[in-house]
J.: 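I'd like to ask you about the structure that follows.
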Number of protein chains: 2
Amino acid sequence: MQLTCNLEIQMAESILDSLRAGGKKLTKPRKAILAILEQSSLPITVAEIADQLKKARAAVDLVTVYRNVAMLQELKLVNPVGLHEGQMRYEFRHGREHHHHIQCRGCGQIVDLMLCPLKKLTELIEEQTKFVIEGHALEFFGWCPQCQ
Amino acid sequence: MQLTCNLEIQMAESILDSLRAGGKKLTKPRKAILAILEQSSLPITVAEIADQLKKARAAVDLVTVYRNVAMLQELKLVNPVGLHEGQMRYEFRHGREHHHHIQCRGCGQIVDLMLCPLKKLTELIEEQTKFVIEGHALEFFGWCPQCQ
DNA sequence: TGATAAATGCAACTCACTTGCAACTTGGAA
DNA sequence: TTCCAAGTTGCAAGTGAGTTGCATTTATCA
Ligand SMILES: [Mn+2]
Ligand SMILES: [Mn+2]
Ligand SMILES: [Zn+2]
Ligand SMILES: [Zn+2]
């Protein structure tokens with residue numbers, strides 16, 4: 001499996017620009033991590049990234065994945081997704097609208113919810129609390145069709 | 001400070017009933033933990049509960065606080081509040097409406113938001129995803145007036 | 001090609017939370 | 001009131017996500 005060879009072609013230029021602007025290098029491990037994140041349609045954990053890299057014979061140390069995910073978060077290239085599972089998940093921002101998720105309490109399946117009902121409410125809360133709101137986390141939990 | 005003496009008077013009967021119904025005993029440590037949770041107007045961590053008990057000279061082992069909080073969650077007497085701080089918070093349900101929170105990114109201050117905009121959206125999502133929704137988590141993050 | 005700044009891997013660490021177990025309460029039955 | 005089983009506690013040890021220090025390696029650019 002070729003993780004690195006056609007990466008320059010697939011990886012969006014805006015992502016590479018952000019990395020260059022931040023003085024980041026495009027190392028082999030970093031390219032492999034970026035490739036996994038870009039392929040993943042749902043938020044993924046650090047351990048899952050490392051597992052996939054191992055299976056693809058491009059093994060990268062867990063610490064390196066942690067450090068890269070933290071860096072990508074600082075550059076706002078990935079969003080953290082906290083589903084209270086005991087570990088964080090991350091998803092690429094590039095080309096995706098702000099959205100939320102629903103997770104099955106039975107099997108853990110995650111589904112994207114491509115919507116956000118909170119724009120007006122955010123303004124109301126800013127007015128009433130005098131906070132300046134920077135973001136929010138909204139997750140739904142329930143039972144998927146198979147687990148009901 | 002008297003944590004235990006007038007506890008029976010203050011503690012809502014519905015809570016004691018739930019405990020009895022679950023075959024739970026009213027031990028001294030448990031009463032002290034319940035008292036702290038009932039006094040706290042904002043969601044509190046396990047470590048904070050233990051600290052307050054120590055200061056009140058009613059020290060209880062951390063493990064005991066963890067076990068009691070887990071038990072109270074099973075009986076649905078407390079709600080978990082996850083603000084992605086690295087630890088969970090818990091708040092008593094008794095006498096409080098379903099609501100949400102906003103936390104300052106600077107000082108960590110938490111403010112109750114006594115509202116929920118998600119009833120209609122929940123139905124819409126159930127219709128579209130065929131999930132049965134059991135709950136949701138909604139938190140806002142931003143900067144409080146002092147930290148702006 | 002060589003300098004240098006950034007990135008990696010490994011080992012050791014931190015910290016929230018859990019588990020096993022012997023000793024101790026509690027609350028009800030005798 | 002006494003006794004006992006079930007439930008609870010504290011301590012010690014363990015788990016697992018995430019972090020940190022440091023020597024070595026790698027990408028980038030002059
Ligand atoms: Mn998503
Ligand atoms: Mn609250
Ligand atoms: Zn949103
Ligand atoms: Zn709500």
J.: Answer whether the closest heavy-atom distance between the side chains of B/Leu118 and A/Pro117 falls below 4.5 Å.
T.: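 The answer is yes, as the side chains (C-beta and beyond) meet within the 4.5 Å cut-off.
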
J.: Between A/Asp17 and A/Arg20, does any NZ, NE, NH1 or NH2 come within less than 4.0 Å of an OD or OE carboxylate oxygen?
T.: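 Salt bridge flag = yes for A/Asp17 with A/Arg20.
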
J.: Mind listing the closest non-hydrogen atom pair of A/Thr64 and A/Ile33 along with its distance?
T.: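 Of all heavy-atom pairs spanning A/Thr64 and A/Ile33, the closest is O-CD1, 4.1 Å.
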
J.: Distance check needed: C/dA7 C1' versus A/Leu34 CG, whole Å only.
T.: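 The answer, rounded to whole Å, is 13 Å.
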
J.: Hey, what are the protein-to-nucleotides 28-30 of chain C N/O distances that come in under 3.5 Å?
T.:
none

J.: Can you check the B/Glu85 CD to C/dC15 P distance for me, whole Å?
T.: 16 Å

J.: Working to the nearest 0.5 angstrom, can you tell me the gap between B/Gln109 CD and B/Leu42 CG?
T.: 8.5 Å

J.: Do B/His136 and B/His98 come within less than 4.5 Å of each other through their side chains, counting heavy atoms only?
T.: yes

J.: Please identify the 5'-most and 3'-most nucleotides of DNA chain D with any atom under 4.0 angstrom from a heavy atom of chain B.
T.: D/dA6 to D/dA12

J.: Under the 3.5 angstrom rule, does the side chain of B/His99 hit a backbone N or O of B/Glu97 as a donor-acceptor pair?
T.: yes

J.: With no hydrogens and no angle check, just 3.5 Å: does a side-chain donor-acceptor pair link A/Gln103 and A/Glu85?
T.: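 Judged by distance alone, the side chains do pair up.
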
J.: Between B/Glu134 and A/Phe141 (side chain of the first, backbone of the second, donor and acceptor by atom type, cut-off under 3.5 Å), is there such a pair?
T.: no

J.: Would you mind reading off the distance between B/Leu83 atom CG and C/dA16 atom C1', rounded to a whole angstrom?
T.: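 Spelled out: CG on B/Leu83 to C1' on C/dA16 is 16 Å.
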
J.: Closest-nucleotide mapping onto DNA chain D: is A/Met88 or B/Thr64 further toward the 5' terminus? I mean the 5' end.
T.: B/Thr64

J.: Return the OG1 to CD distance between B/Thr45 and B/Gln87, rounded to the nearest 0.5 Å.
T.: 5.0 Å

J.: Please report, rounded to the nearest Å, how far the P atom of C/dG9 is from the NZ atom of A/Lys54.
T.: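 In whole Å, C/dG9 P and A/Lys54 NZ are 12 Å from each other.
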
J.: Return the value, rounded to whole Å, for the distance between atom CG of B/Leu16 and atom P of C/dT26.
T.: 15 Å

J.: Look at the side-chain N and O atoms of A/Thr27 and state whether any lies under 4.0 Å from the OP1 or OP2 oxygen of C/dA7.
T.: no

J.: Could you check how far NZ of A/Lys25 sits from P of C/dA3, rounded to whole Å?
T.: 15 Å

J.: When all nucleic acid strands are considered with a 4.0 Å heavy-atom cut-off, which category describes B/Val46: base, sugar-phosphate, or nothing?
T.: nothing

J.: List the atom of B/Asp112, the atom of B/Ser41, and the distance in Å for their closest heavy-atom pair.
T.: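 Minimum heavy-atom separation between B/Asp112 and B/Ser41: OD2-O, 3.7 Å.
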
J.: Find the distance A/Ile33:CD1 to C/dG9:C1' and express it as a whole number of Å.
T.: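 Distance check: A/Ile33 CD1 to C/dG9 C1' gives 12 Å.
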
J.: With hydrogens left out and only the distance checked, is there a donor-acceptor pair under 3.5 Å joining A/Lys24's side chain and the base of C/dA6?
T.: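 Answer is no: no donor-acceptor pair is held.
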
J.: To the nearest angstrom, how far is B/Ile49 atom CD1 from C/dA16 atom C1'?
T.: 14 Å

J.: Output the single nucleotide from C/dG27, C/dG9, C/dC17 whose closest atom is nearest the side chain of B/Leu26.
T.: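 In terms of side-chain proximity for B/Leu26, the closest of C/dG27, C/dG9, C/dC17 is C/dG27.
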
J.: Taking C-beta and beyond as the side chain, do A/Val81 and A/Ile110 meet within less than 4.5 Å on heavy atoms?
T.: no

J.: Please find the pair of heavy atoms, one from A/Lys31 and one from A/Leu26, that lie closest to each other, and give the distance.
T.: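 Reported closest heavy-atom pair: CE-O, 3.5 Å.
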
J.: Provide a list of protein-nucleic acid N or O atom pairs under 3.5 angstrom, restricted to nucleotides 18-22 of chain C.
T.:
unit_1 : atom_1 : unit_2  : atom_2 : d
C/dG20 : O6     : B/Arg67 : NH1    : 3.3

